[in-house]
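Inspection log for the structure reproduced underneath, given as structure tokens.
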Amino acid sequence: MSASTATSSTATQVLFDAPGPKGRRRILLLSVLSMLAIAALLAGALWQFHANGQLDPNKWIVYLRVDYLAFLGQGLWGTLKVTAIAAVVAFPFGLLLALARISRFSLLSGAAITWIEFFRGIPMLLVVYAFLLALPAFGVTFPRFWMLVIPMILVSSASTAEVFRAGIKAVDIGQHEAAAAIGLSRRDAMFSVVLPQAVRLVLPSLILALVTLLKDSTLGYVVSYNELQFQGKTLVSITRYLVQTYLVVSLIYIVINFLLTRIALVLDARMKARAASS
Amino acid sequence: MIGFENVRKEYPGGTLAVQDFNLEIASHESVVLVGSSGSGKTTLMRMINRMVDPTSGRVHIDGDDVASLDPVQLRRSIGYVMQASGLLPHRTVLDNITTVPVLRGTAKREARERAHELMETVGLEAALAGRYPSQLSGGQQQRVGVARGLAADPNILLMDEPFGAVDPIVRHELQRELQRLQHELRKTIVFVTHDIDEAFLLGDRVVILKPGGIIAQVGTPQEILADPADDFVASFVGADRGARTLHIERVDGRDVVVDADGRPAGVLAAQTAGRAGDGPMGERPS
């Protein structure tokens, strides 16, 4: 970590002149002012909450109740389950799509391009509606769980396909040459030389794709699947504590996504430290 | 034996890399193709393992036209050492060396044992086996590249400017090692470089190429130096500048050999005898 911080700071020094005494004073002043402005905004919001009685401890204490927490926990479990299953299917599928897209067979690559561009281009909500409203009109119905997971897989496979493709393209062209020169077939070269390096390169981006997937799972409320957002919604209809519920739910999302992002950063740093050659 | 017969290579768009090339390379011989960029030297070498296919003409190995051989099998039977080593960054030194033998069906354990022997042969410490290429110095990486080239015990070794990316001291050391290896192993080596000194040092025969893969002169280093075929060769080997005409100057009571530019090239042998014990420079990881 310290090494990467050092390089980035030197990069900053190369790109920008270090601020002089005047500049430093200006930066300090602006920092203090903006901090004050943010603090004022927060205080204002709190004051507003207070004025409307939203800070009443009784409205918050319920979130320490075991049954409420269990209810939200159920939602969290649903969210994690949906995300995990979507990821486990969508990521390998995305890899296959990426391989198909760069294939020499134009039929295969054409099909992959169509798939990727289609599902990358439309909002996931529309896909969910297709499964909720359009397909049942033709007599095709799915359980609620799959009405959420399948659209997640379709959309995520398209975007991760592009992540994988970027990774494959990012592997040094010399690696293809080197692999060919020592007698690896095109397939051997792809699977034992290019892909292992490509996957390592895109691992942090994949974790970010996981964060996106987790946030997409909130569309579960559309199909009434018991994920966190939907549980929150139900809780609101019971307690009528709209602000409190959604703040608690947001906090849970933020904590989970923060953890995932941290993992991505740690992986990134570890990879850079290990085999950042070529 | 490797033979080139009327080989021509034209790239789409009309670039003529090689016009009409003929050459025979005897078994156990080391031949260096030397020329400036655009001379077609790398293109020619790559025709041997079918990384490049000639537009017309044929390349044969021991009588077999390479065009009739499966490129993948062919490449596995020929050692290849490339510039900046071309090692696989995600694999350890040992795994890099064993890649080809394992692909050819050698048992993993056997391949590993052989890899350890090869590491010793090319002068790599056993402790480096588990390292990744990025953890090695340029010279060490190049040694791994040579070990990998030799791993499947090929008869032919192709070397594409293998020492171009290392500093002069390490390069010299690697050149010496290669000479020693060739003395022991007697492979057929085709070596590509733009450095005429390297060519003279390593080649039993040297092929000097003009742009378009035209042979300016073929011969032993002695023949070429003693009798350059034309002005092109003379200027390429530096004979016209007198860069290779050495003379003796007396400095502090010693006879110093000096080249045409007045740079000292060495001291006369009789006077260095007393200091002959100095070992070669050690190589340090960067």
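In what follows, every chain begins at residue 1, and chains take the letters A, B, ... in the order their sequences are listed.
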query = Is there a side-chain contact between A:Pro196 and B:Arg91, using heavy atoms and a 4.5 Å cut-off?
reply = no
ask   = What pairs of residues pass the ring-ring contact (aromatic ring centres under 6.0 Å, His included) test when at least one of them lies in residues 148-200 of chain A, not counting sequence neighbours?
value = none
inquiry  = Against A:Phe145, only a single residue in A:Val223, A:Ile150, A:Asn226, A:Ile85 fulfils side-chain contact (heavy atoms from CB on, under 4.5 Å); can you say which?
reply    = A:Ile85
Neighbour count >12 (heavy atoms, 6.0 Å) for atom CD, B:Gln73 = yes
request  = Take B:Arg76 and A:Asp188 through the test salt bridge (Lys or Arg N to Asp or Glu O under 4.0 Å) and record every step on the way to the result.
outcome  = CA-CA 13 Å; B:Arg76 286 180 191 174; A:Asp188 281 337; 3.3 Å; yes
ask   = Looking at residues at least two apart in the chain, or sitting in another chain, which of them share a side-chain hydrogen bond (donor to acceptor under 3.5 Å, both in side chains) with A:Thr212?
value = none
query = Nearest heavy-atom pair of B:Gln135 and B:Arg131: which atoms, and what distance?
reply = OE1-CA, 3.4 Å
ask   = Do B:Thr193 and B:Glu198 have side-chain atoms, one donor and one acceptor, less than 3.5 Å apart?
value = yes
inquiry  = Quick check: under 4.5 Å, non-hydrogen atoms only, which of residues 32-68 of chain B neighbour chain A?
reply    = B:Arg46, B:Asn49, B:Met51
inquiry  = Quick one, B:Arg171 and B:Asp195 - any side-chain contact, counting heavy atoms below 4.5 Å?
reply    = yes
request  = Residue by residue, scan residues 94-111 of chain B and write down, ordered by number, those that have a heavy-atom distance under 4.5 Å to chain A; if none do, write 'none'.
outcome  = B:Thr99, B:Val100, B:Leu103
